[in-house]
Amino acid sequence: LVFKHARILGPADPLPSLLREFELRHPGVRVKSESLPWTTDEQHQFYVINLEGGRPGLDVLMLDVIWVPEFARAGWLLDLTPFLPPGELAPHFPASVEAATYNGRIWALPWIMNVGLLYYRAALLAKYGLRPPQTYAELLEQVREIRTGERDARVHGFLWQGKQYEGLVVNVLEGLWANGTRLLGEDGTVFPHPQRAEEVLAFLRRLIQDGVSPPWVTAGDEELTRRAFGDGRAVFLRSWPYALDLFEAPGSAVRGKVGIAPLPRHTHGSEGAGATGGAHLGVYRATRHPAAALALARFLAGEAAQKAMAGGVALNPTRTALYHDPDLVRGHPKLPEIYRLAVRARPRPVTPYYLMLSSSLQPEFSAALVGLKPPQQAVAQARRRIEHFLEAIR
Ligand code: GLC
């Protein structure tokens, strides 16, 4: 079996030993694991090129949650519905199961849950008597206060993902939710409150102009921003839970000094919410070994393997009970908090055309951040692109 997956970061990757354990339990089966490029966009490109070619050389695929409907519709995934006894998916977050569902069938098994959250330098905030900010206005105020107090202009205020890729779309969607709006209204309107969307882009642009975020956030992905925060060079970071273990690793400059909180809200929003993210395991439809491939996906999505992943590299489970598992919580005391954030999290639009939506948005959002387009124009053009595209698929 060939198992394709994203690179696993962290000091104690449990995947190799999980795969050896699987082989021991399935004599005659050998698993070769191959890692994909770092960003989700590059992974997507790899899959599309190879799956379209028809000889992809893989059996089990790690999938970003946003791709499942697209891959199912393209005919690349084995329909797992007939193999799943009722209740098999009940222990997982409903949002993860929903992301695995297309046309009422299940196309992948939930494996890793992600949720967007705010990291803050707990010791630094405490020094100034501050609590994690609930609004972005508060966040700005805190950055100002801490920077003045520390007399250190090299400390960045707030890091986030502004590179032109999926991560940017996630950051902007979270901004829309935080400002009481969304990308697609209930009735399908694109940007139902254009002005609120413009405010979000203008806010992000201003962060850079005012030096709260360094100019390089417009090229920043998860890893670049994670490293800068991990080196102690920023007060706040928007990212996913995977970074926690890296911050807490021996030798880390921020070890024991990092807190997590819900993302703040903007003026029109009632609360901030992180996006759901994460990964599913699919089986390639034309695999020559469907039974073994399904067994591997099941094994990895199972409780013991999810527990090992969460314990080893902070890739958090889709199985909700594990967030309160005493062994896990002992080593990862923030798990119950991550659970509370995860249940409040919101999905990106669930559609086989998600990638098309996202790639229409990316250049417009990016142009607004780097100051090439006023936010108003970026939102208007993004809206036109999406309307045009929705028209075409109707
Ligand atoms: C993380 C999330 C994934 C998201 C990506 C964006 O990998 O798990 O769902 O699409 O970040 O960069």
Side-chain angles (χ1 to χ4, degrees), residues 115-165 167-179 199-244 246-247 253-254 257-269 271-275 341 365-366 368-371 375:
V115 50
L117 48 82
L118 185 73
Y119 287 97
Y120 63 94
R121 295 275 296 283
L124 208 46
L125 262 66
K127 179 171 165 192
Y128 292 86
L130 302 171
R131 299 181 44 75
Q134 297 188 354
T135 65
Y136 282 104
E138 260 172 61
L139 180 144
L140 295 180
E141 183 48 37
Q142 297 190 355
V143 165
R144 201 193 50 74
E145 190 176 339
I146 290 174
R147 272 180 162 175
T148 314
E150 295 296 298
R151 294 205 181 79
D152 184 354
R154 287 166 312 161
V155 184
H156 302 305
F158 180 33
L159 299 177
W160 41 282
Q161 294 80 45
K163 173 176 154 175
Q164 186 176 325
Y165 80 124
L168 168 59
V169 176
V170 171
N171 279 252
V172 175
L173 291 180
E174 289 173 340
L176 297 180
W177 303 332
N179 204 25
E199 284 166 13
V200 171
L201 291 180
F203 173 79
L204 294 174
R205 170 73 187 144
R206 221 166 35 244
L207 288 175
I208 301 166
Q209 281 177 314
D210 295 351
V212 175
S213 304
W216 60 259
V217 287
T218 58
D221 61 13
E222 283 87 354
E223 271 301 271
L224 210 64
T225 50
R226 190 272 297 170
R227 275 189 237 117
F229 184 90
D231 288 345
R233 289 194 281 126
V235 183
F236 296 106
L237 164 72
R238 180 267 165 224
S239 193
W240 311 99
Y242 85 97
L244 253 186
L246 300 162
F247 296 150
V254 294
K257 298 180 189 153
V258 175
I260 58 170
L263 290 169
R265 59 185 151 76
H266 284 294
T267 20
H268 295 292
E271 59 167 20
L341 296 177
F365 290 168
S366 175
L369 294 191
V370 300

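Heads up: numbering here begins at 1 and tracks the sequence. Bear in mind the structure is a predicted one, so any value in this text is a computation, not a measurement.
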Could you pull out the closest heavy-atom pair between L139 and P264, with the gap in Å?
CD1-CG, 4.2 Å
Keeping the roles fixed (side chain from R121, backbone from V258), state whether a donor-acceptor pair exists under 3.5 Å.
no
Result of checking F203, F236, W160 against Y136 for ring pair (Phe, Tyr, Trp, His ring centres under 6.0 Å)
F203
P214 pairs by side-chain contact (heavy atoms from CB on, under 4.5 Å) with which of L159, T225, L207, I208?
L159
Heavy-atom closest contact (V170 atom, A275 atom, distance):
CG1-CB, 3.8 Å
A261 and Y120: which non-hydrogen atoms are nearest, and at how many Å?
CB-CE2, 4.0 Å
Starting at OG of S239, measure out to CD1 of I260 and round the result to the nearest 0.5 Å.
11.5 Å
Hey, could you give me the CZ/CG distance between R206 and L201, rounded to the nearest 0.5 Å?
11.5 Å
Could you measure the distance from the CZ atom of R151 to the CD1 atom of I146? Nearest 0.5 Å is fine.
14.5 Å
Using only atom types and a distance under 3.5 Å, with no angle test, would you say the side chain of E222 pairs donor to acceptor with the backbone of A243?
no
For G116 against E174, the heavy-atom pair lying closest together
CA-OE2, 3.5 Å
Please report the closest heavy-atom contact between Q161 and N171, naming both atoms and the distance.
OE1-ND2, 3.0 Å
Can you label the angle between the W216 ring and the H156 ring as parallel, tilted or perpendicular, going by 30° and 60°?
perpendicular
To the nearest 0.5 Å, tell me how far W177 CH2 sits from N179 CG.
13.5 Å
Could you report the tightest heavy-atom contact between V155 and R147, atom names first, then the distance?
O-NE, 2.9 Å
